[in-house]
Amino acid sequence: MKAAVSRAQTKGSTRASRAVKKTVGRYNADPDMLIQILLDLQTTLGWLSPGVLADVSEQLGVPVSRVYHIASFYKAFSLVPRGRHIIKVCMGTACQVRGAPQLVNVIASMLNMKPGETSEDRRFTLETVNCLGCCAMGPVIAVDGVYHSKPTTEDLRSIFKGAR
Amino acid sequence: MTDMNDNRLSSAKQLETLRKTILSKRDAEKPIITVCTGTACQAYGSLEIYRRFVEELERQGVEGSVLETKSTGCHGFCEQGPVVVIFPREICYVRVQLDDVPEIVSTTVAGGDVIERLVYRDPNTQEAIPKESDIPFYKRQMRLVFGNNRYIDPREIDDYIALGGYAALSKALLRMTPGEVLEEIKESNLRGRGGGGFPAGLKWETTRDASTGSKYVIVNCDEGDPGAYMDRAIMEGNPHAVLEGLVIGAYAIGSHDGFVYVRQEYPIAYENTMNAIDQARDYGLLGSDILGSGFDFEVVVHRGAGAFVSGESTALMSAIEGKVGEPRMKYIRTAVSGVKGMPTCLNNVETWANVPLIIERGAGWFKSIGTEGSKGTKIFSLVGKVNNTGLVEVPMGMTLRQLIYDIGGGIPQGKKFKAVQTGGPSGGVLPEQYLDTPIDFDELTGLGSMMGSGGMVVMDEDTCMVDTARYFVSFCCDESCGQCIPCREGLRTLRDILTDICEGKGKGGDIEAIEDIAEVMEDASLCALGGTAANPVLTTLKYFRDEYEAHIKENRCPAEACKALTSYYVDPAKCSACMICLRACPTEAIHGEKGIVHWIDQEKCIKCTTCYEVCPTRFSAVRRLSGEPLPPPPAPGTKVTREKKR
Ligand SMILES: Cc1cc2nc3c(=O)[nH]c(=O)nc-3n(C[C@H](O)[C@H](O)[C@H](O)COP(=O)(O)O)c2cc1C
Ligand code: FES
């Protein structure tokens, strides 16, 4: 269910171009800071479009292949638009032994989507992550950055209902 | 930021004067309310609780009688969060809710009385324990590195200085030569806390002696071990301790530029580090001519972008250069040729945080703690199937049993201990017969596991060991950078074999194939990711071979955990038709109604264990079956036959 990338998005919107310029400026166009720049852009824009990657490459003077290599290597980056609400299910060891695999199944079947997918209406993106760093609360999920410890079926129903 | 600001400290005396000034403004008698705002407690709503305290103090008009309301980093007892501790009496309240705040203010802060309801209770003896350090979870720890978290607002450098912070830096820079600092660390036998346990002093010495010219020092806070979060808690809760250690190390090595590498999944750690750097620079504890010593040092923070392999030393250094964080062959060690080809010393967060303690109290003191080969303390992330989950710091040499039972409070719900996993994806599982092993780098390695960075995941009878091996292998498979064949292909094949076994498709010869692949990976991988990735498989095979065989030969998962080999069944003779499982089932796979026994539609069942868990223990009607045929469902409309409770 990959969301299609429209032509306008490959061009790099004006908003995106402005964000690139500002971010690159903040790091003094230092090529060593490429990963940091992409991280900031990912946060601001929600994903890294081909246009954004091309702009970054140009403004830093770094080959576009290297920018792509980095953008595709790290999990923090998304090369397709993501949903309005990001659900992260922790699959770290601590959560794993406390039932994370079952939890992710439950969520996947409730939302009728697989981990890694974005729903067609772009409402949700469902992701699995390695460790959210609050292992004592496991199993943990984070919905739009808000952590939920050991959510029950009932909790999940209300969390998803609340995320329009 | 100019170098010439008013706050700069340019001598040991000025630092000491500042400390005294800070202390003189504090009244030891007046209560301080500290609210833990570490990540776990924040997730439980502790930031709102903190704000409510500030409001409530004003509303009840007790503001002036309270010295301060402080938000601190993680105290460690995350299981019981949100945690509130009121000093100086150290009254500890656990699982505090917003509505408890007015009462805490009126009864405890203003009135001086303890609220029994909010106090921690020993689950075994039911004894109420109001004082934080009396709680067994804390009492048996030795919190040298981690203990200050509870006194410090990590965004306030003054809090750190008040506790004697940066005194070690002052001592090192102004009263010791770089050589003396290095000798002290070597003498202490401090070993790296990030995984390998390599002696820090030796690494420093190699970097120092490598060549003239620029040198770098780095803090590794990538914390890739899934299930471990002690580095996060230090970096978030006491960033100055790490910075202080880093500057001391840089001085000994002769480096003027450092990096802190923090994974982006830890936004609070990143913010607090950035803030700490600004504050330290403002006081002249970073930058040029630190404390008037003539020593200059600058530090830059990089965020990791989510790749386990980037925590490896060579990979991390590429990432700092803005390149893809992939490892390289270490023909030349990074201590000699690291960032930009310059000698670079990389240590873990906890390693650096130990440095100020050693400089201040001396190598002799440090060496008095621990075992022959492993000195000092270690912080563990004690998680999984254990009652008191959280972060614990213990002296090296404590046994696994003491850690899991005396501090961790044992296994929840009366279940049986099965194994403890240490060392993350590079480590292994240890079964019950090794519970009396002392915690020590070499002892754990000797058993096929390793200390690792401090993840300690407890597993009980419900955890399948084959599935555990499959979990770690698929983790490493996803995280392998794919450059070398033994790691990339070895892991892929291992994952396929283990997945087959978990799904009941295992066959004769699988175990031998696993052992062969593991051997090649260990010998021929490019970096330690592949070189150690087979450890979880080999240790589970060594200690739990019978579980592998049950899967392969009997299509049975002894832990009743593997989905493909386990079914859920409602025993009609026991079902009371209480509707609880029926409502909780996320896929509406359970049929029935009040008075009519429930049954599970196996087609719809996703084996999420929800029904098994919610079925009240007095009925225990939901059963898990593995390796035996599933009985047919009851005829439609079967009435409850279970005898009513007397
Ligand atoms: C795949 C891989 C991942 C690693 N991840 C980390 C990490 O997240 N944090 C860490 O401190 N060390 C990590 N290490 C170990 C580092 O390479 C390095 O040995 C360590 O940071 C050195 O610090 P220490 O001597 O103070 O332990 C990793 C090693 C490998 C092979
Ligand atoms: S393992 Fe899930 S938060 Fe760490």
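Letters go in sequence order (proteins before strands), and every chain restarts at 1. Bear in mind the structure is a predicted one, so any value in this text is a computation, not a measurement.
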**OP:** Measure from NZ or CZ of B:Arg232 to the centre of the six-membered ring of B:Tyr229, then state whether that distance is under 6.0 Å and the direction lies within 45° of the axis.
**Re:** no
Original post:
Any side-chain heavy-atom pair from A:His148 and A:Asp155 closer than 4.5 angstrom?
Top reply: no
**OP:** State, yes or no, whether a side-chain contact exists between B:Lys340 and B:Tyr216 at a heavy-atom distance under 4.5 Å.
**Re:** yes
Subject >> Which portion of B:Arg263 sits near chain A, non-hydrogen atoms under 4.5 angstrom >> reply: side chain
Subject >> Heavy-atom proximity to chain A below 4.5 Å, by part of B:Thr468 >> reply: neither
Original post:
Taking B:Ala228, B:Ala233, B:Gly306 one by one, which has the highest count of heavy-atom pairs under 4.5 Å against chain A?
Top reply: B:Gly306
**OP:** Indicate whether any N or O donor in one side chain lies under 3.5 Å from an N or O acceptor in the other, for B:Asp460 and B:Gln413.
**Re:** no
Subject >> Portion of B:Val324 that has a non-hydrogen atom of chain A nearer than 4.5 angstrom >> reply: both
Original post:
For B:Phe475, is it the side chain, the backbone, both, or neither that has a heavy atom closer than 4.5 Å to a heavy atom of chain A?
Top reply: side chain
Subject >> Heavy-atom contact with chain B under 4.5 Å, split by part of A:Glu154 >> reply: neither
Original post:
What part of A:Leu156 is in contact with chain B, defined as an atom under 4.5 angstrom from a non-hydrogen atom: side chain, backbone, both or neither?
Top reply: neither
Original post:
Hey, is NZ on A:Lys22 packed in by over 12 heavy atoms from elsewhere, all under 6.0 Å?
Top reply: no
Original post:
Tell me, side chain or backbone of B:Ile320 under 4.5 Å from chain A's heavy atoms, or both, or neither?
Top reply: backbone
Original post:
Does atom NZ of B:Lys415 have more than 12 heavy-atom neighbours, drawn from other residues, nucleotides or ligands, at distances under 6.0 Å?
Top reply: yes
Subject >> Under 4.5 Å from any heavy atom of chain A - which part of B:Val386 >> reply: backbone
Subject >> Geometric class of the B:His302/B:Phe259 ring pair [parallel <30°, tilted 30-60°, perpendicular >60°] >> reply: perpendicular
